[in-house]
Each structure stands twice: as C-alpha cells, then as structure tokens.
Protein chains: 2
Amino acid sequence: MTAAKRADARRNQATLLDAAAAVFVESGVDAPVREIATRAGVGMGTIYRHFPTRADLVVAVYRHQVDACTEAGRSLLAGPTDPYAALGQWIDLFVDFLVTKHGLADLMRSDNAGFETLHTYFLDRLVPVCTDLLAAAAAAGAIRADVAAYELLRGVGNLCIGAGQDPGYDARRLVALLIAGLRHNPVA
Amino acid sequence: MTAAKRADARRNQATLLDAAAAVFVESGVDAPVREIATRAGVGMGTIYRHFPTRADLVVAVYRHQVDACTEAGRSLLAGPTDPYAALGQWIDLFVDFLVTKHGLADLMRSDNAGFETLHTYFLDRLVPVCTDLLAAAAAAGAIRADVAAYELLRGVGNLCIGAGQDPGYDARRLVALLIAGLRHNPVA
DNA sequence: TGCTAAACGGAACAGCGCTCCGTATCTTTA
DNA sequence: TAAAGATACGGAGCGCTGTTCCGTTTAGCA
C-alpha cells in the first residue's frame, strides 16, 4: 500500500523506534531528541521527518502496549469476572503501564500543542473500554453512574505522575482509593 | 533583626515580589525569569540574588496563603465540625488554592533539585495539620487509618495538575472521590 | 565629601526543541 | 551500466530557556 517508501527510510524508521524505546527506558520519555538521534546513529533531520512531533514518536513506541491494554479490557468485560472487580483489574493494568514508563504520565497531561496526537491515540482507544467497564459496574449497582471515563482516566493518569521517584508516594494505593470512592457510599 | 540590608535591596525585593505575583497570575508560575525581571524593572542578576531558585520566589509569593490554609485547618480541628466533614472542607481549601494558581500543582510534583525549598515549605506546614485532621476522622471511625498525610496531599496535588485547562476535567470532583475512598467500605 | 562594601545589570554560556537546505543515496529508466 | 530525478539524510543554526559572573553603580557611613 503505502510501501512506496525508500528502503533506507524504512530501515531508519525501525532503527529510530528501537533507539527511542531504549532511550525512553534509560532516560525517560522526555529524553533530549539529540540523544535518541545519536543513539540511532542518525541526524536530527531524520528523526523529525519520521516523527514530526515527540508525541508521534511516543505513540509509535507504545502503540502495541496501549492496544494490548484495550484488548485486556474487552476480555475482562466479556469474561465472568464481577464488573467492579473487572474495572479494578483493568485500572491496575493501566496504572502499571503508566508507572513503568518513566515520565509517560507527565506527558499525558501536557497541554502543549502538538501532544494532541498522543492524547488522541491513548484516549481514543482507552475511553471506550473504560466507558463500558464503568457502565457494567454501574449496571451491577456497584458504583455511582455519574463519572465519565475520560475524567477518570485523566485522574488516574495524574495520580501516576512522578510515581517511582518518591518512595513515600504509592500511586497504586491512591488509585485504589479513587476507585473505592466510586462505590456508592453514605456521602452525598 | 536581619534588617541589616540596604534600603534599595529591600525595595527591590518587594518590587520583585509584586512583579512575580502579577506575572504568575498572567502567565503561570512557570513564566520566564526574564519576564519577571523586566516587569520589575531589574536585571537578571538581581532576581537571582534575592531568590536563588524559582522555588524560593514561589514560596515567598505564596507563603501567606499557605499559612492561612494551615490556620484554617487548625480552626476546623478546634471547632465543632464533624471530623470527616472538617477533613473534606480543609481539602477543599487546599484544592482551591492549588487550582487558582495556574501551574502551581505542576511545580509541586517537580522532582528537579532546587524545588526542595518549595516542597519543604509547603509540606512542613500542611502535613502536620493534615495528619491531625486524618487522625481525628479516623478516631471518629469515619475513615481508614492507614493513609499518610504526605501521600494524600501528594495525591490531591497531582489531581489538581492541569485543572482549569480542560473543561472535561474537574479536579474538585476527583478529589472528592478520593476522599470518599478513604471511608471504610466493603472493599478489602 | 570621599570611601567601601553592598547591590545592580545584562552580556555570555549551556542545553533544549525545531528548521532548513546542501549533500548523499536510492531507484528508475534508457 | 550509467545518468537523471526523486527521496532521504545530516547537522549547522536559530530562538528560547535557565543560570552565572563580573565590571559598574550606588547607598550608607565617617
């Protein structure tokens, strides 16, 4: 189809993805662009031609994992698991994903123009699944029904910011509290 | 006491504080240092002499409000309010404070060296009050007792990041959920 | 009115994202 | 196989940051 690209270009794109993935692990997703370029053995121009914005690069690197998370959600929904437990398990997966990628959560909340690509990709995949999970749990009477998936995901994403850099801060615990807060309870 | 400073120095310090406060409102707490210096009509050197790090400047600007928040917590504790409600009201105050200062929450979670001043000041004041509020609510049997004030404040701070820039995201709502999650509930 | 220490100002340096265009390489075609 | 045209590459360079450093100015005192 769109395979009309030159061979070296395709090769460089793959090299860049590998290099970026490696650098992201080592130095976080906010590593200098130059570092990635050097690591891949290419020039600055090349990286920007393949990935016009950093968000494009990040999306390309993590696309698979986001898709996997989405599918896991669908499985959970289809499976026999209690809807509230399913929601909890899925959120755990999401948190694990964010927490293990140094600095990804920070990027997610970035309001800088140019990160819309990232928002779009992540949210387009995850919001629908999350919406269904929430609906199922609400239908089962386990949680309140007035919380939007978008808002919840943003909240969870925010709670994951800085996780792992501060021994006194456990994002998973706090996310668990947030999810617990979804339950119907005596508060108005 | 330490009033051994020259008159012009004291004047400049005040001018800088005013300028910084104004710029923070207009452009957020992450406004370029040059902007603040220009606004105050001083050079770069002056600003760095008075406030070696940005955190020092931020602390100086918001010191009063943090103190006010602390005192409000003490009042709430001493007053007749139900402990759980008191906790909720105090958290609301804190959230209001963070949300109205464009970008303050972002700074709070910054792990950059040099922001310890900010962490130290904010947390040194707020953690003790929050600890007491939590303890009171726990003693009244309203909430679980295994959540540290530090962690809760970090969580709330994180939830406030980016608030007000996204119409679909309401930090107050999510914080309320988090607090609701503190209640004893059927979940393990 | 000097004199000195304190304070000032802004040029200068370093690190970053991003662009731009001369050069090199691939691919196609004769 | 060789030449032409299209495509991709590389990295110097620009603009914007934070931060330092030191020659110059000025307040306060004798």
Side-chain angles (χ1 to χ4, degrees), chain A residues 1-20 23-24 26-61 102-103 106-107 110-118, chain B residues 1-20 23-24 26-60 103 106-107 110-118:
Chain A
M1 265 291 137
T2 53
K5 294 172 74 175
R6 249 168 60 170
D8 55 343
R10 248 177 299 125
R11 227 179 315 122
N12 269 327
Q13 173 138 351
T15 308
L16 270 170
L17 271 154
D18 288 348
V23 171
F24 285 173
E26 278 176 26
S27 317
V29 283
D30 58 341
V33 181
R34 277 173 178 80
E35 193 178 331
I36 299 168
T38 305
R39 172 73 155 251
V42 306
M44 304 284 307
T46 302
I47 202 171
Y48 276 101
R49 195 167 327 97
H50 285 289
F51 306 100
T53 132
R54 171 184 294 272
D56 294 310
L57 183 53
V58 174
V59 166
V61 168
H102 215 80
D106 301 56
L107 245 58
S110 169
D111 57 327
N112 285 328
F115 280 86
E116 287 131 41
T117 312
L118 193 144
Chain B
M1 268 290 135
T2 53
K5 294 172 74 174
R6 252 169 59 170
D8 55 344
R10 249 177 297 127
R11 228 182 313 123
N12 269 327
Q13 174 138 350
T15 309
L16 271 169
L17 239 42
D18 288 348
V23 171
F24 284 173
E26 278 176 27
S27 317
V29 283
D30 57 342
V33 183
R34 277 172 179 77
E35 194 178 330
I36 300 170
T38 305
R39 172 74 155 251
V42 305
M44 303 288 306
T46 303
I47 202 169
Y48 275 100
R49 194 166 327 98
H50 285 290
F51 307 100
T53 131
R54 170 184 296 273
D56 294 310
L57 184 52
V58 173
V59 167
D106 301 57
L107 244 57
S110 169
D111 57 327
N112 286 329
F115 280 86
E116 287 132 39
T117 313
L118 192 144

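Chain letters run A, B, ... following the sequence lines, proteins first and then strands; every chain starts at 1. Remember, predicted model here, so these are calculated numbers, not experimental data.
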Spacing between [X] atom [atom1] and [N] atom [atom2], to the nearest angstrom:
X: B:Glu35; N: D:dC16; atom1: CD; atom2: P; answer: 13 Å
X: A:Asn12; N: C:dC26; atom1: CG; atom2: C1'; answer: 12 Å
X: A:Ile36; N: D:dG11; atom1: CD1; atom2: C1'; answer: 17 Å
X: B:Phe51; N: C:dC8; atom1: CZ; atom2: P; answer: 11 Å
X: B:Asn112; N: D:dT19; atom1: CG; atom2: C1'; answer: 14 Å
X: A:Met44; N: C:dT23; atom1: CE; atom2: P; answer: 21 Å
X: A:Tyr48; N: C:dC21; atom1: OH; atom2: C1'; answer: 17 Å
X: A:Ile47; N: C:dC16; atom1: CD1; atom2: C1'; answer: 14 Å

Between A:Thr46 and D:dG10, is there a contact of a side-chain N or O with OP1 or OP2 at under 4.0 Å?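 For A:Thr46, the contact criterion (side-chain N or O under 4.0 Å from OP1 or OP2 of D:dG10) is met.
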
Is A:His50 close enough to D:dC9 that one of its side-chain N or O atoms is under 4.0 Å from OP1 or OP2 there?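 Checking D:dC9 against A:His50, a side-chain N or O does come within under 4.0 Å of OP1 or OP2.
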
Identify, between B:Thr53 and B:Asp8, the residue whose nearest nucleotide on DNA chain D lies closer to the 5' end.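 First, find each residue's nearest nucleotide; the 5'-ward one identifies B:Thr53.
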
Could you tell me whether the side chain of A:Glu26 reaches within less than 4.5 Å of the side chain of A:His102, counting heavy atoms only?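 The answer is no; the side chains never approach within 4.5 Å.
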
Just one of A:Asp106, A:Leu107, A:Leu57 clears the side-chain contact (heavy atoms from CB on, under 4.5 Å) bar with A:Val29, so which one?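 Going through the options one by one, the only one that passes is A:Leu107.
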
State, to 0.1 Å, how close B:Ala55 and B:Thr117 come at their nearest heavy-atom pair, and which atoms those are.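 Looking at all heavy atoms of both residues, the shortest contact is CB-CB, 4.1 Å.
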
Could you check which of C:dC8, D:dT17, D:dC9 has an atom nearest any side-chain atom of B:Pro32?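 Among C:dC8, D:dT17, D:dC9, the one nearest the side chain of B:Pro32 is D:dT17.
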
Can you measure from CZ (A:Phe24) to CD (A:Glu35) and round to the nearest 0.5 angstrom?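 Between A:Phe24 CZ and A:Glu35 CD, I get 10.0 Å after rounding to 0.5 Å.
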
Under 4.0 Å, heavy atoms only, any strand: does A:Ala7 hit a base, just the sugar-phosphate, or nothing?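 Sugar-phosphate, no base atom in range.
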
Contact class for A:Gly41 (heavy atom, under 4.0 Å): base, sugar-phosphate, or nothing?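 Sugar-phosphate, backbone atoms only, no base.
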
Answer yes or no: side-chain N or O of [X] and base N or O of [N] forming a donor-acceptor pair under 3.5 Å.
X: A:Arg54; N: C:dG17; result: no
X: A:Arg34; N: D:dG13; result: yes
X: A:Arg6; N: D:dA8; result: no

Could you check B:Thr15 against B:Val42 for side-chain contact (heavy atoms from CB on, under 4.5 Å), going step by step and ending with a plain yes or no? CA-CA 9 Å; B:Thr15 309; B:Val42 305; 5.5 Å; no

